[in-house]
There are 2 protein chains.
Amino acid sequence: MAAPRYRRRKEDRPQEITEAAFSVFAEKGYASARLDEVARRAGVSKGLLYLYFNTKEEIFKAVIKSVVIRRVDALLDAVDTTELPSEEFIRGPLLKFMQGVPGSPVAIVIRLLISEGQRHPDLVDYYWDNVVSKGLAAIGGFIERGVARGEFRETAVSELPQLVIAPMMLSMIWRILFTKRSLDTDKLMETQIEMILAYIKA
Amino acid sequence: MAAPRYRRRKEDRPQEITEAAFSVFAEKGYASARLDEVARRAGVSKGLLYLYFNTKEEIFKAVIKSVVIRRVDALLDAVDTTELPSEEFIRGPLLKFMQGVPGSPVAIVIRLLISEGQRHPDLVDYYWDNVVSKGLAAIGGFIERGVARGEFRETAVSELPQLVIAPMMLSMIWRILFTKRSLDTDKLMETQIEMILAYIKA
DNA sequence: ATAGTTAATGACTGGTAAGTCAGCAAGGTT
DNA sequence: AACCTTGCTGACTTACCAGTCATTAACTAT
């Protein structure tokens, strides 16, 4: 007896589709991504996509959200529960976290958002609410905690946690555009951290 | 006698077309931009586009190049000819230049390159050669000059001029994605400059 | 004026890809 | 085994848009 031509796996399909879609969007961007290609990589027919999602845009949003949902909480928890002095936490776990971002799926999401954000403002809001605002608040709050403890002095950095992540952003863009040209992105971020610490230390 | 339906203006057309195309690409991105719309905004027929350019891609490249060609040289000249001490030049003209970038067409070009760069590597090379490598070399060389003069000490910053422009990159991305959320991008860049100067001053 | 040159038009074509749907078959039910 | 439900298929439809080209008309030269 022949193997069945397909298996019914209702539970697994959505994730398989979003994973395939992520890889296609990552390579092609939203507009140039072909749903036929998504279906092919997911090992299903194109029609099946439309049983789980209504439009290409809906697939896109599901992809973004599926990537965002993971990860961020790890950092937030660490910030809340760490026993380390502020300076050591910043030099250690925070720096390591930042250094991991440019090579992670988050970088691809950022690129997709930069490209398509204007036409999907609700997605941008979602990303803001779940990643950016939380992340910045965590870093900012952490610095303020250091100030309250007398470890740091009061500087503009308290209100500009973006300074901490700026080299991370540049590293992401660099990798997207200038893979060929070498740049020690780890050292870039490390140096920024050293500079900030030297600047704010009491 | 009736006004003519159109005027023949061979000299002006290419620029008019690239300006119209820039505005459409800025709003829609490359893939979603419609050449009918470009023609409409340029006040010409679609067929005319193809008398001056062979493909949509060629128009895109002309747009990028037309924006890049301007501007950069101003900074480079200033770097070469300034009489100011390094620290004052960095605090003054260099900071002002950087603060102007996120609101300029350069920011839109960056967005287009982030979106489309993977499929137009020659454009990325062009941008690298004419903007990024020159700009970074100028900043890096300027810092090294300060070191040579004894104004600055030797630090990792000499090999990482990207640190200077990182907040500028973040500011561009911020404006693209999070226009609604306020951020004092001028102060962000200013603080970074202060921090770097404090860090590298002899 | 007249003829010649070429900038410019706009209806058309061909290819492409999102989205549809009638039928099929996997797997459960009795 | 016969029947039913529904996950799944893939050929099809429809709309759109980059790129074409036969035609028109603005300008030039004589």
Side-chain angles (χ1 to χ4, degrees), chain A residues 1-64 112 115-116 119-120 123, chain B residues 1-64 112 115-116 119-120 123:
Chain A
M1 72 192 256
R5 295 203 302 155
Y6 57 85
R7 297 199 171 274
R8 311 169 86 177
R9 300 201 343 275
K10 186 177 180 171
E11 306 305 321
D12 303 329
R13 295 306 190 194
Q15 195 190 341
E16 290 172 2
I17 291 168
T18 51
E19 280 171 12
F22 176 79
S23 76
V24 178
F25 287 139
E27 281 173 28
K28 310 281 188 180
Y30 177 73
S32 299
R34 304 292 156 229
L35 291 188
D36 283 299
E37 178 67 13
V38 172
R40 206 183 58 70
R41 292 196 198 182
V44 300
S45 69
K46 190 167 129 186
L48 187 67
L49 304 181
Y50 287 90
L51 292 183
Y52 294 97
F53 302 95
N54 291 313
T55 62
K56 184 182 183 182
E57 184 183 358
E58 206 172 280
I59 294 175
F60 182 63
K61 292 182 177 178
V63 166
I64 300 292
L112 291 169
S115 308
E116 297 296 324
R119 261 158 299 149
H120 304 276
L123 259 190
Chain B
M1 72 191 256
R5 296 202 300 152
Y6 56 83
R7 297 198 172 274
R8 309 170 84 177
R9 299 198 350 270
K10 186 176 179 170
E11 306 305 321
D12 303 329
R13 295 304 190 196
Q15 196 190 341
E16 290 172 4
I17 291 168
T18 52
E19 281 171 12
F22 176 79
S23 77
V24 177
F25 287 139
E27 282 174 28
K28 311 281 187 178
Y30 176 74
S32 298
R34 302 295 154 226
L35 291 188
D36 283 297
E37 178 66 14
V38 172
R40 205 182 59 70
R41 293 198 197 181
V44 300
S45 67
K46 190 167 130 185
L48 187 67
L49 304 182
Y50 287 90
L51 292 183
Y52 294 97
F53 302 94
N54 290 313
T55 62
K56 183 183 184 182
E57 185 182 357
E58 206 172 281
I59 294 176
F60 183 62
K61 292 182 176 177
V63 166
I64 301 292
L112 291 169
S115 308
E116 297 296 325
R119 260 158 299 148
H120 303 275
L123 259 191

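Chain letters run A, B, ... following the sequence lines, proteins first and then strands; every chain starts at 1.
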Take the protein atom NZ of Lys10(A) and the nucleotide atom C1' of dA26(C), then report the distance between them rounded to whole Å.
14 Å

Heavy-atom pair of closest approach, residues Ser32(B) and Arg119(A)
OG-NH1, 2.9 Å

Exercise: identify the closest heavy-atom pair between Tyr30(A) and His120(A):
CE2-NE2, 4.4 Å

Using a cut-off of strictly less than 4.0 Å between a heavy atom of the residue and any atom of DNA chain D, enumerate the qualifying residues of residues 36-57 of chain A by number.
Val44(A), Ser45(A), Gly47(A), Leu48(A), Leu51(A), Tyr52(A)

Figure out the NZ/C1' separation between Lys28(A) and dA17(C), and round it to whole Å.
14 Å

Where is the tightest heavy-atom contact between Glu37(A) and Arg40(A), given as atom of each residue plus distance?
OE2-NH2, 3.0 Å

Anything under 30° is parallel, anything over 60° is perpendicular, the rest tilted; go ahead and classify Phe60(A) against Phe25(A).
perpendicular

Side-chain heavy atoms of Tyr50(A) within contact of Leu35(A), under 4.5 Å:
yes

So does Arg13(A) get a side-chain nitrogen or oxygen closer than 4.0 Å to the phosphate oxygens (OP1/OP2) of dG7(D)?
no

How close do Ala31(A) and Ala31(B) get, counting heavy atoms only, and between which atoms?
CB-CB, 3.3 Å

Would you say that Leu123(B) contacts Leu112(B) through its side chain, given a criterion of any heavy-atom pair below 4.5 Å between the two side chains?
no

Sub-3.5 Å pairs of nitrogen or oxygen atoms, protein against nucleotides 24-27 of chain D:
{"residue": "dA26(D)", "atom": "OP1", "partner": "Arg5(B)", "partner atom": "N", "Å": "3.2"}
{"residue": "dA26(D)", "atom": "N3", "partner": "Arg8(B)", "partner atom": "NH1", "Å": "2.6"}

Starting from C1' on dT16(C), measure out to CG on Leu35(A) and report it in whole angstrom.
13 Å

Lys61(A) with Glu58(A): basic N within carboxylate O range, under 4.0 Å:
no

